[in-house]
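Note: hydrogens, waters and symmetry copies are ignored here, and every other heavy atom, side chains too, is used. All values derive from a computational prediction rather than experimental measurement. Every chain is numbered from 1 and lettered A, B, ... according to where its sequence line falls, protein lines coming before strand lines.
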Amino acid sequence: QKEVEQNSGPLSVPEGAIASLNCTYSDRVSQSFFWYRQYSGKSPELIMSIYSNGDKEDGRFTAQLNKASQYVSLLIRDSQPSDSATYLCAVNGPTNAGKSTFGDGTTLTVKP
Amino acid sequence: GAVVSQHPSWVICKSGTSVKIECRSLDFQATTMFWYRQFPKQSLMLMATSNEGSKATYEQGVEKDKFLINHASLTLSTLTVTSAHPEDSSFYICSARDHSNQPQHFGDGTRLSIL
């Protein structure tokens, strides 16, 4: 079992729809959770950080964290073609030696 | 926001040469920097973790004598690919972070092509 798991996709949604990206993690003591967006041929860029259970909203993005279920998600409202990218989930905790553990990413395509 | 500058953006050089890539945190102190490599359509692969003033910790399978990492200050880390060969051609990305519970901030990456 991978430490951080994401559906590889591709996930395809129509423009204007809500895209839902999911991530599960295995280390129960994980403390910090991040979503990154990576366009093809570019480096990852940070979208959201979340540290406590519940929802955190930033513009069209909402991160949701449920530590009991070891689950973190990213919702993108009013999806735009420019949101088409690979989304990486990353998890920090005391047992991964100070590194972030990244999922393999979910590729999202937003169709006009 | 936290800015990480990585140079050069791309390098093309002959087999056998050494290539140095710089990674700088511009507006925060990077106690930890990370070096990744990514092949086309593949996941990020962590190569090494470096803490300021300490030797880098390399991931399994990464040759420390081939990929020399220096993190001499809180704002600068360098990766030197020594005696580069075509199989070293890849997209190299650095990231930096100040505290362990904070996110990593990535540089723009260096595309390395060895002829």
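- Highest contact tally toward chain A, considering only His99(B), His105(B), Gln38(B), is held by Gln38(B) [criterion: heavy-atom pairs under 4.5 Å].
- Both Leu108(A) and Val72(A) are members of a single hydrophobic cluster when ILVMFWY side chains are connected at heavy-atom separations under 4.5 Å.
- Taking a 6.0 Å sphere around CG of Asp88(B), one finds it holds more than 12 heavy atoms contributed by other residues, nucleotides or ligands.
- Side-chain heavy atoms closer than 4.5 Å link hydrophobic residues (I, L, V, M, F, W, Y) into clusters, and following such links, possibly through other members, connects Met45(B) to Val81(B).
- Interface remark: Phe33(A) contributes no atoms to any contact with chain B (heavy atom separation under 4.5 Å).
- A distance-only check finds no donor-acceptor pair linking the side chain of Arg97(B) to the backbone of Ser100(A) [under 3.5 Å].
- By the criterion of side-chain heavy atoms lying less than 4.5 angstrom apart, applied directly or through intervening Ile, Leu, Val, Met, Phe, Trp or Tyr residues, Met33(B) is not grouped with Leu46(B); the two fall into different hydrophobic clusters.
- Of all heavy-atom pairs between Leu44(B) and Pro44(A), the closest is CD1-CG, 3.9 Å.
- When the side chains of ILVMFWY residues are joined at heavy-atom separations under 4.5 Å, either directly or via intervening members, Leu74(A) and Val91(A) end up in a single hydrophobic cluster.
- The heavy-atom pair separating Gly41(A) from Phe91(B) by the smallest distance is O-CZ, 3.9 Å.
- Looking at Gln38(A) and Ile93(B), their side chains come closer than 4.5 Å, going by heavy atoms from C-beta outward.
- Each of Phe102(A) and Leu21(A) belongs to its own hydrophobic cluster when Ile, Leu, Val, Met, Phe, Trp and Tyr are linked at side-chain heavy-atom distances under 4.5 angstrom.
- Looking at heavy atoms from C-beta onward, Lys99(A) lies in side-chain contact with Glu59(B) at the 4.5 angstrom threshold.
- Looking only at distances, no side-chain donor or acceptor of Tyr36(A) sits under 3.5 Å from a matching main-chain atom of Phe106(B).
- Although no hydrogens or angles enter the test, the distance criterion places no donor-acceptor pair under 3.5 Å between the side chain of Asn101(B) and the main chain of Gln31(A).
- In this structure, Ser100(B) and Asn92(A) approach most closely via the heavy-atom pair O-ND2, 2.8 Å.
- The environment of Lys42(A) atom NZ is sparse: at most 12 non-hydrogen atoms of other residues, nucleotides or ligands sit within 6.0 angstrom.
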